[in-house]
Amino acid sequence: MARRTAPAIPDDLLDQLLAGGDAAAALNSGDLVNALKKALAERVLSAEMDYHLSDEAEAENSRNGYGRKSVLTGTGKIEIAIPRDRAGSFDPQLIAKYQRRFPGFDDKIISMYARGMRIREIAEHLREIYGMDASAELISTITDAVLDEVTAWQQRPLDPVYPLVFFDAIREKIRDEGVVRNKAIHIALGVMADGTKVELGMWIEQNEGAKFWLRVMNELKNRGVEDILLAVVDGLKGFPEAITAVFPETIVQTCIVHLLRNSMDFVSYKDRKAVATALKDIYRAVDARAAEAAFAAFEAGPWGQKYPAIGQSWRRVWQEVIPFFGFPGDVRRIIYTTNAIEALNSKLRRAIRARGHFPSDEAAARLLYLILNRSEKEWVMPPREWAMAKAQFAVIFGDRFVRALAA
């Protein structure tokens, strides 16, 4: 496929723009770019006025000079001549009557905010790089507008069936009723029948439990989800009871990697490699019966006796571990870990690391939504194991998976 090339700018136009001036100075200051934007904007506005006056309803109308308007752009502030008509009926589309920011300016602000920059840092960046003064209040107004998108995103309809959904949480400090609280931000990441990933939702809650998860499951159902084939979670309290109450056929699978990490928290550094090797016999077992035997052997063995908390932590969630052994290798490699959602969580943590805490749930939701939205645009390829896993899902789940393919 041939690469697209940018349209060539005629030399005579460049000569007119430079007009014998210093090209390097013009580029460094942004004057040349702003002059081009100004010229193009005024040409478009003039064409809009011509079109407006060509309307039969405006037959008696005519031009009436120009008004001046200062507009913020991504490269600075420019002053544009806005054509006027005698009837006062002209409403330009490029720069609306009360619009003070050039198209694309808001997107630049939101992009910087989504990368973790604070509002005052954005204002300083615009001042240093572009020489423009954008107040913190203006930037806050632009980012606040995202909240409407967050609400619409959280309420959007979902597909009826998802073969695989990862649920996980990170904890961040958020101010609530004058007190900074440590709240959980829960993310649901769905995998569709073709292997592509999609964010299903985000929920901020101080305490999790069966009631909270029941509310989340009912929300997913009300948004159109009828079935989840497999849910992979990291020991979320009250989750198995809540999901089976709403989606009774869903298989709940504990993330094996999280279990291993939690196990290492009980182990001294010098013993970690040996304990990790001993645990491999459990999660690499060919089936549930062999896994149970390996687990019992570990508990009775030297490492299980030295670190009994490991056996206790596995035993508490064993019913959610067992389903793992019913899947073939290709599926196991996908559900072995919640890495797909952990990679997303790492992006969230990087963006909010320097903030200390959020002033409100809404401020947290605004930033996290922007990061989630940017991340979803990067997901273009399914997991490499998905082709084989898809065939296995079709056999294991039968008509339920066929419904996901048809969705």
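This one's a predicted model, so the numbers in the text were calculated from it and none came from an experiment. Side-chain atoms are counted along with the backbone in the values below, which use heavy atoms only and exclude waters and symmetry mates.
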Looking only at atom types and distance, does a side-chain atom of [X] sit under 3.5 Å from a main-chain N or O of [Y], one as donor and one as acceptor?
| X | Y | value |
| --- | --- | --- |
| Asp271 | Val267 | no |
| Glu299 | Pro308 | no |
| Thr244 | Pro240 | yes |
| Arg272 | Asp265 | no |

Report the C-alpha distance between Phe298 and Asp281 in whole Å, list the side-chain angles of each, state the deciding distance to 0.1 Å, and finish with yes or no for side-chain contact (heavy atoms from CB on, under 4.5 Å). CA-CA 9 Å; Phe298 175 85; Asp281 291 337; over 6 Å; no
Between [X] and [Y], what is the shortest heavy-atom contact and its length?
| X | Y | result |
| --- | --- | --- |
| Ala193 | Leu405 | CB-CD2, 3.6 Å |
| Arg171 | Asn182 | NH1-O, 2.9 Å |
| Ala285 | Phe325 | O-CD2, 3.9 Å |
| Leu214 | Ala245 | CD1-CB, 4.1 Å |
| Phe324 | Tyr283 | CE2-O, 3.4 Å |
| Arg332 | Asp287 | NH2-N, 4.4 Å |

Do the ring planes of Phe393 and Phe401 sit parallel (below 30°), tilted (30 to 60°) or perpendicular (above 60°)?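 Correct class here is tilted.
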Heavy-atom side-chain contact between [X] and [Y] under 4.5 Å:
| X | Y | result |
| --- | --- | --- |
| Glu241 | Trp213 | no |
| Val252 | Val233 | yes |
| Ile228 | Pro163 | no |
| Tyr162 | Val198 | yes |
| Arg63 | Ser46 | yes |
| Leu259 | Val321 | yes |
| Val275 | Ile310 | yes |
| Met202 | Ile185 | yes |

For the [atom1] atom of [X] and the [atom2] atom of [Y], what is their distance to the nearest 0.5 Å?
| X | Y | atom1 | atom2 | result |
| --- | --- | --- | --- | --- |
| Asp159 | Met192 | CG | CE | 4.0 Å |
| Ile243 | Ile251 | CD1 | CD1 | 11.0 Å |
| Gln253 | Ile322 | CD | CD1 | 10.0 Å |
| Tyr307 | Ser263 | OH | OG | 12.0 Å |
| Asp176 | Arg181 | CG | CZ | 5.0 Å |
| Gln312 | Phe266 | CD | CZ | 8.0 Å |

Charged N to carboxylate O under 4.0 angstrom, Arg215 versus Glu205?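 A salt bridge links Arg215 with Glu205.
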Less than 4.0 angstrom from a charged side-chain N to a carboxylate O is my criterion; do Asp194 and Lys390 meet it?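 Not counted as a salt bridge, because no side-chain N and carboxylate O are separated by less than 4.0 Å.
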By side chain to side chain contact (heavy atoms under 4.5 Å, CB included) - contacts of Gln155 (at least two apart):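 Residues passing side chain to side chain contact (heavy atoms under 4.5 Å, CB included) with Gln155: Thr151.
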In chain order, what residues pass the side chain to side chain donor-acceptor pair (under 3.5 Å) check against Glu292, with sequence neighbours excluded?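 Scan of Glu292 (side chain to side chain donor-acceptor pair (under 3.5 Å), adjacent residues dropped) gives Arg315, Trp318.
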Assess, by modelled atom type and distance only, whether the side chains of Glu219 and Trp203 contain a donor and an acceptor separated by less than 3.5 Å.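 Present: a donor and an acceptor within the cut-off.
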With a 3.5 Å cut-off and no angle check, do the side chains of Asn61 and Asp85 form a donor-acceptor pair?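 Short answer, yes.
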Please assess Arg175 against Asp361 for the test salt bridge (charged side-chain N to carboxylate O under 4.0 Å, His left out), listing each intermediate value before the final yes or no. CA-CA 8 Å; Arg175 184 172 292 276; Asp361 286 2; over 6 Å; no
Give me the one residue out of Leu158, Leu200, Asn218 that meets side chain to side chain contact (heavy atoms under 4.5 Å, CB included) with Arg223.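 Among the candidates, only Leu158 passes.
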Going through the distances and angles, do Met388 and Val331 end up as a side-chain contact (heavy atoms from CB on, under 4.5 Å)? CA-CA 8 Å; Met388 292 297 298; Val331 178; over 6 Å; no
Could you go through the side-chain contact (heavy atoms from CB on, under 4.5 Å) check for Leu230 and Val165 one step at a time? CA-CA 6 Å; Leu230 181 63; Val165 179; over 6 Å; no
Between Trp153 and Tyr369, is the gap from one ring center to the other below 6.0 Å?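 Yes; Tyr369 has its ring centre under 6.0 Å from that of Trp153.
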Residue pairs involving residues 392-401 (criterion side-chain hydrogen bond (donor to acceptor under 3.5 Å, both in side chains); sequence neighbours excluded):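 Listed by first then second residue: Asp227-Arg400.
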Answer yes or no for Arg84 and Phe90: cation-pi contact, defined as NZ/CZ to six-membered ring centre under 6.0 Å and angle to ring axis within 45°.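 Geometry flag: not set, cation outside 6.0 Å or 45°.
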Can you spot which of Phe167, Phe166, Phe212 makes a ring-ring contact (aromatic ring centres under 6.0 Å, His included) with Phe239?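 Option passing the ring-ring contact (aromatic ring centres under 6.0 Å, His included) with Phe239: Phe167.
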